[in-house]
Amino acid sequence: MKVSMKAGLALGSQNRRSCILLGYARNASVLKDAHRMKVLGFCSQSMATIPGARGRCGRASIVCMARKERSLVHRLASGNGVLYVRNFLEKNDFEQVVQYSASVQSRAKKEVNSLAMNRLGLQVPSRALITTIFHSDRLVKRLRIMLEETRLVPADYPLELRYYVPGSEMQWHKDDQLYTEPTFEAVFTIFNFSDSNTEWIDRNGELRTQWTEPNSLLLVQSQSALHRVSKIRRGERGILKLVYTTTLERSNSYERCSKSFHKKR
Ligand SMILES: O=C(O)CCC(=O)C(=O)O
Ligand SMILES: [Fe+2]
């Protein structure tokens with residue numbers, strides 16, 4: 001195993017919150033060691049492009065993020081299965097999503113018999129570029145690290161664009177579990193000019209309130225936290241909803257929900 005752990009540990013101790021370990025490896029045996037050190041994951045990126053990293057290693061470099069008290073996984077637990085992440089997509093990808101949404105928004109239809117009131121929506125075809133962005137290996141790997149779910153894959157359930165307008169709201173609910181294991185619903189905010197907040201009840205029974213900013217991702221585990229979207233009085237909000245799962249074996253809810261773009265969820 002050829003990983004320059006010394007350099008990594010030195011950097012990690014300077015930065016107690018993220019504990020970044022830098023190094024390079026000739027083979028995958030580094031994974032075993034990383035696991036022993038409670039390392040959450042890797043991203044291969046040139047050292048020079050990583051903020052705070054000094055020096056160059058000149059080879060494939062590896063950045064390992066070690067688990068710390070304040071990691072995303074702990075935030076997920078304290079949020080009772082809800083995790084809010086800012087600046088989720090890279091600039092280019094984010095712009096593609098904004099453009100796609102703008103090009104189809106006028107086709108969105110009002111959802112009926114849904115817990116969401118006065119919300120408009122439409123499904124995104126699997127061949128659309130924005131589906132490939134959210135299903136890309138790179139992005140799924142990031143989510144696996146964030147959620148500590150090594151088996152996470154994109155669901156075979158269409159992405160949905162949803163638009164909140166004045167009068168739109170979504171009552172308190174838990175998300176349906178579309179597969180036979182708990183899933184994660186991802187709510188990606190495309191734009192938000194509204195006064196509406198997404199709220200959820202955390203592990204301590206306390207109310208959390210979040211105005212979701214553009215390019216943020218809210219991950220909600222199925223059948224976990226109660227959550228809702230407060231009624232919009234002013235402005236509009238556009239989101240993309242999609243599902244990640246650890247199994248593609250469908251639950252009974254799948255058929256009901258997929259047939260029911262216009263039925264109660
Ligand atoms: O719009 C949001 O922030 C959440 C939407 C939601 O919970 C849902 O559609 O199930
Ligand atoms: Fe929900």
Side-chain angles (χ1 to χ4, degrees), residues 75-76 79-89 94 97-98 101 105 108-124 130 134 143 146-147 154-155 157-179 181-203 207-245 251 253-254 256-265:
R75 269 177 37 208
L76 176 73
N80 198 15
V82 180
L83 177 65
Y84 177 68
V85 186
R86 290 193 170 85
N87 295 319
F88 186 66
L89 290 184
F94 178 54
V97 176
V98 171
S101 159
Q105 187 177 350
K109 299 265 184 322
K110 203 165 182 173
E111 290 173 70
V112 289
N113 296 327
S114 163
L115 282 177
M117 306 286 291
N118 300 311
R119 190 169 72 167
L120 308 167
L122 80 164
Q123 293 189 335
V124 179
I130 67 167
F134 279 91
L143 290 172
M146 284 178 190
L147 301 171
Y157 192 85
L159 277 67
E160 298 170 342
L161 285 162
R162 304 288 190 187
Y163 300 101
Y164 294 83
V165 293
S168 302
E169 67 178 310
M170 191 162 191
Q171 296 165 15
W172 288 107
H173 68 283
K174 290 183 178 183
D175 291 329
D176 277 316
Q177 185 174 305
L178 305 179
Y179 298 85
E181 292 176 12
T183 55
F184 284 94
E185 185 170 281
V187 176
F188 178 79
T189 299
I190 304 166
F191 61 85
N192 192 356
F193 305 105
S194 80
D195 57 354
S196 156
N197 292 312
T198 301
E199 299 187 322
W200 64 96
I201 306 295
D202 74 10
R203 188 175 54 184
L207 178 72
R208 304 238 194 143
T209 297
Q210 184 67 55
W211 180 87
T212 64
E213 66 183 55
N215 198 15
S216 67
L217 190 74
L218 188 80
L219 291 156
V220 184
Q221 194 163 26
S222 60
Q223 294 302 313
S224 60
L226 271 170
H227 55 286
R228 72 157 186 167
V229 182
S230 68
K231 191 174 198 157
I232 293 205
R233 281 161 303 176
R234 282 181 302 279
E236 288 191 11
R237 173 171 177 256
I239 61 160
L240 188 65
K241 265 183 61 161
L242 66 155
V243 179
Y244 294 93
T245 179
S251 70
S253 306
Y254 188 102
R256 185 168 46 83
C257 292
S258 61
K259 272 196 250 126
S260 64
F261 184 63
H262 295 293
K263 292 209 185 92
K264 199 168 185 110
R265 282 189 65 173

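When a ligand or atom number is given, it counts from 1 through the structure's own listing order.
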Test of geometry: compute the angle NE2(H173)-the Fe ion (ligand 2)-NE2(H227) and round it to 10°.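 Vertex the Fe ion (ligand 2), arms to NE2 of H173 and NE2 of H227: 90°.
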Run the numbers for me: atoms of ligand 1, each under 4.0 Å from some heavy atom of [X], listed by number.
{"X": "I239", "result": "1 (O)"}
{"X": "T198", "result": "2 (C), 3 (O)"}
{"X": "V229", "result": "1 (O), 2 (C), 3 (O), 4 (C)"}
{"X": "D175", "result": "10 (O)"}
{"X": "H227", "result": "7 (O)"}
{"X": "R119", "result": "5 (C), 9 (O)"}

Over 60° means perpendicular and under 30° means parallel, so classify the ring planes of F134 and F88, tilted if in between.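 Correct class here is parallel.
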Check whether the side chains of S224 and Q221 place a donor and an acceptor atom closer than 3.5 Å, and report yes or no.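 Not at all, the side chains of S224 and Q221 share no donor-acceptor pair under 3.5 Å.
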Distance-only side-chain donor-acceptor flag, S101 / Y163, under 3.5 Å: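 Note: S101 and Y163 side chains meet the donor-acceptor criterion.
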For D175, run the side chain to side chain donor-acceptor pair (under 3.5 Å) check against K241, Q223, H227 and tell me which one passes.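 In the set K241, Q223, H227, the residue that makes a side chain to side chain donor-acceptor pair (under 3.5 Å) with D175 is H227.
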Just distances here: any N/O of T212 and N/O of ligand 1 closer than 3.5 Å?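 Between T212 and ligand 1, no N or O pair is found under 3.5 Å apart.
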Of all the heavy-atom pairs spanning N80 and D202, show the shortest one and how long it is.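 Here N80 and D202 meet closest at CB-C, 3.7 Å.
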Any ion pair linking E111 and R162 (charged N to carboxylate O, less than 4.0 Å)?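 Salt bridge flag = yes for E111 with R162.
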Using a 4.0 Å heavy-atom cut-off, which part of L115 comes near ligand 1: side chain, backbone, both, or neither?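 Contact part for L115 vs ligand 1: neither.
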Spell out, as yes or no, whether a donor-acceptor pair under 3.5 Å connects the side chain of R75 to the backbone of Y84.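 Side chain of R75 to backbone of Y84, a donor-acceptor pair under 3.5 Å: yes, one is there.
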